[in-house]
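First comes the structure, then the notes that go with it.
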Amino acid sequence: MKKVEAYINLPYNYIIHPVNDESGQYFYARILELDGCQSTGETFEEAYKNIKDAMKGWIETKLEAGYEVPLPIGYENFSGKFIVRIPKSLHYKLTVEAEQEGVSLNQYALYKLSK
């Protein structure tokens, strides 16, 4: 993929949220996958329009410089499994707590992570 338009229409993750700081009230927008691609606007709609413009410029700059443009992160890219190394003492503690709750260690870990 080498054309800006091809990237613009991909399902990137837009993050837009209100900000109220010493500068005033506005909306801050960024594209999760495109590090440094950000913009602002006085309204949500303006921030969305501005981030689309910023995205176009960000992608153009990367392509012109010969860099790869990251593709969007989608749920299909995740298996739902990851491995974490923990101390033996924590493993023991979690196993005991899971047994007390009458659930598997995996179920208990999921419960603890989702809190």
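Cluster membership for Ile8 and Ile15, using ILVMFWY side-chain heavy atoms within less than 4.5 angstrom, is not shared.
The other residues sharing a hydrophobic cluster with Leu90 are Phe82, Val84, Ile86, Leu94, Val103, Leu105, Tyr108, Tyr111, Leu113, where clustering joins ILVMFWY side chains under 4.5 Å apart. In this structure, Val96 belongs to a hydrophobic cluster whose other members, linked by side-chain heavy atoms under 4.5 Å apart, are Tyr92.
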Under 3.5 Å, sequence neighbours excluded: what are the donor-acceptor pairs made by side chains of residues 43-54?
| residue | atom | partner | partner atom | Å |
| --- | --- | --- | --- | --- |
| Thr43 | OG1 | Glu46 | N | 3.0 |
| Glu46 | OE1 | Glu42 | N | 2.9 |
| Lys49 | NZ | Asp53 | OD2 | 3.2 |
| Asn50 | ND2 | Thr40 | O | 2.7 |
| Asn50 | ND2 | Glu46 | O | 3.3 |
| Lys52 | NZ | Tyr14 | OH | 3.2 |

In residues 58-69, what donor-acceptor pairs under 3.5 Å come from side-chain atoms, sequence neighbours left out?
| residue | atom | partner | partner atom | Å |
| --- | --- | --- | --- | --- |
| Trp58 | NE1 | Asp35 | O | 3.1 |
| Thr61 | OG1 | Gly57 | O | 2.8 |

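Applying the side-chain hydrogen bond (donor to acceptor under 3.5 Å, both in side chains) test to residues at least two apart or on different chains, the pairs with a partner in residues 23-33 are Asn13-Glu33, Asp21-Tyr26, Tyr28-Gln38.
Separating the CD1 atom in Ile31 from the OG atom in Ser39 is a distance of 10.0 Å, to the nearest 0.5 Å.
Checked against salt bridge (charged side-chain N to carboxylate O under 4.0 Å, His left out), Glu97 has the following partners two or more places apart in sequence or in another chain: Lys93.
The shortest distance between side-chain heavy atoms of Tyr12 and Leu34 falls below 4.5 Å.
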